[in-house]
Number of protein chains: 2
Amino acid sequence: MARLPLYLRALTALSERSVPTVSSEELAGAAGVNSAKLRKDFSYLGSYGTRGVGYDVEYLVYQISRELGLTQDWPVVIVGIGNLGAALANYGGFASRGFRVAALIDADPGMTGRPVAGIAVQYIDELETIIEDNGVSIGVIATPAGAAQQVCDRLVEAGVTSILNFAPTVLSVPEGVDVRKVDLSIELQILAFHEQRKAGEASPPAAPASIPSGPGAPAGAVVRGRDDAEVRAEARAGRDGDPGDDLPAVMPA
Amino acid sequence: MARLPLYLRALTALSERSVPTVSSEELAGAAGVNSAKLRKDFSYLGSYGTRGVGYDVEYLVYQISRELGLTQDWPVVIVGIGNLGAALANYGGFASRGFRVAALIDADPGMTGRPVAGIAVQYIDELETIIEDNGVSIGVIATPAGAAQQVCDRLVEAGVTSILNFAPTVLSVPEGVDVRKVDLSIELQILAFHEQRKAGEASPPAAPASIPSGPGAPAGAVVRGRDDAEVRAEARAGRDGDPGDDLPAVMPA
DNA sequence: ATGTCTTTGTGAACGCGTGCACAAAGATAC
DNA sequence: GTATCTTTGTGCACGCGTTCACAAAGACAT
């Protein structure tokens, strides 16, 4: 149930405004979901609302917090204190809600000892010790892509069973270890995809003079500089051309 | 098809190693998906592989790039240059792959003119002008939660039709505008949820002496400090108690 | 106490994405 | 030219999540 945190946030807001009860309809609106879905979620959870009235806000907040395991606090380590790692360390969302940054770890010796968000960065050799001493079971990877799998392996080996991965790599982990991925470029690419579709459907008059696009090709494709067949033929021709700079808009990593 | 970026990344890696072709099986392995799924995805895309051989790497890279709209470059603006916004501006994943940071915008006048990642931060009054002058259609919101909806409205009004939201809020947007959300606390909470379930199932002997948990309650619930009925009763009693400090592990925002 | 009204909880249908399994297609060797 | 072998493309069935719609349940007014 990935929606529980959403409900919790909406409920907390209501709680602060001292609203005693909410109907499934209201809460669903605030969380941006269907009301029937919300009711079903709560019924799976075992929570009981009151028919004719709604759900008791405080009670639900407590129930969901408990279900999510937020009544205990979870020590987390952040590995890779670059731009992103530092931002994460400073991010308030970590500190609150039962999550405590137990340590910041970096592979650059120059970082060691430097305080980030009030916590001294530790060298990566200490990783295993830190995990074990603090009973850390959640690790955050904010390293470059190349180091991610390696760090992941060490975390898992040391006892971490949940990983939040910000590096643009697919991590392979043993059974029983959970990985969640946050990938900025992928999100952007998905947006670009939809954006292109919108542009293609909306403004056929905006099509610039170019190579005639084949039938079935989306209208957004007119921006491309080369014909499909051309590229395909070249690619098939034994790859004599220099691979890498013949596809301009494609990134290096 | 949210998997295309994943494929693209794997394919690009292969391309750099000058691998001419891949089978669906290999590529699926690298992307961490089922091979049948991958083949079906590609067939929807209209791409043709060669039976008995596999897919041509270069051709696929080009096709997917085109499908995702990566053959043109997309100017994006980042609004809210705090820790996270600055990290995003510095993040390499933006600059490459057809995305160009057109502007950094912040509501703090003290930030105006300060260079972040080589780009001078602009004051939020310029938002509309920037969007229109640069033809920006993708906006990134990295503001505090309170300002997010407001910024969102201005972005949309100015012509942005795709938004990547890092603020912990549900944004409401008109039809036709795409929003993707990246929420760190939610990711962590989901991990904690699974973590708790694992702990509950795995180590029943580890249950500390506590209030007897009711039947059907997950074992992880033993960590809680108060009984269900107790909280429920109190919550129902007209909310005489101080709301907010009686639920220890629950966060303020 | 009774009736009405609101809102929950859930049975059932729908749709979609996933994965299996196999036939068609092309390459490669002989 | 024929046979074999690899790998794609896809028909089909399964399972899950979503949504509709309605009956049961409780509150509230009379």
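Within every chain, numbering begins at 1; the chains are lettered A, B, ... in the order of the sequence lines, protein sequences first and strands thereafter. Just so it is clear, the structure is predicted and the values come from calculations on it, not from any experiment.
Within a 6.0 Å radius of CD in A/Glu25, no more than 12 heavy atoms belonging to other residues, nucleotides or ligands are found.
D/dC16 atom P lies 16 Å from atom CG of A/Asp41, rounded to whole Å. With rounding to whole Å, A/Arg39 atom CZ is found 13 Å from D/dT18 atom C1'. The NZ atom of A/Lys37 sits 18 Å away from the C1' atom of C/dA12 (whole-angstrom rounding). For the pair A/Leu45 CG and C/dT8 C1', the interatomic distance rounds to 15 Å; values are reported in whole Å. In this structure, OH of A/Tyr44 is placed 16 Å from C1' of C/dT8, rounded to the nearest angstrom. Rounded to whole Å, the distance from CG on B/Leu38 to P on C/dG19 is 12 Å. In this structure, CZ of A/Arg3 is placed 8 Å from C1' of D/dG17, rounded to the nearest angstrom. Separating the CG atom of B/Asp56 from the C1' atom of D/dT7 is a distance of 15 Å, rounded to the nearest angstrom.
At a cut-off of 3.5 Å, with distance as the only test, no side-chain donor of B/Tyr62 or B/Glu58 sits close to an acceptor on the other residue.
In this structure, B/Lys40 and B/Glu26 both approach DNA chain D, and ranking their closest nucleotides by distance from the 5' end singles out B/Glu26.
For A/Arg51 against D/dA24, a side-chain N or O and a base N or O form a donor-acceptor pair under 3.5 Å.
The side chain of A/Tyr55 places an N or O atom within less than 4.0 Å of a non-bridging phosphate oxygen (OP1 or OP2) of C/dG9. Taking side-chain N and O atoms only, B/Ser24 has a distance below 4.0 Å to OP1 or OP2 of D/dT8.
To the nearest 0.5 Å, atoms NZ (A/Lys198) and OG (B/Ser162) are separated by 3.5 Å. A/Glu195 CD to A/Ile190 CD1: the interatomic distance, rounded to the nearest 0.5 Å, is 13.5 Å. Atom CH2 of B/Trp74 is separated from atom CD of B/Gln72 by 4.0 Å, given to the nearest 0.5 angstrom.
Nearest to the side-chain atoms of B/Ala36 among the listed nucleotides C/dT10, D/dC20, C/dA21 stands C/dA21. When distances are taken from the side chain of A/Asn34 to each of D/dT10, C/dG26, D/dC20, the shortest belongs to D/dC20. Checked against C/dG11, D/dG9, C/dG19, the side chain of B/Tyr48 finds its nearest nucleotide in D/dG9.
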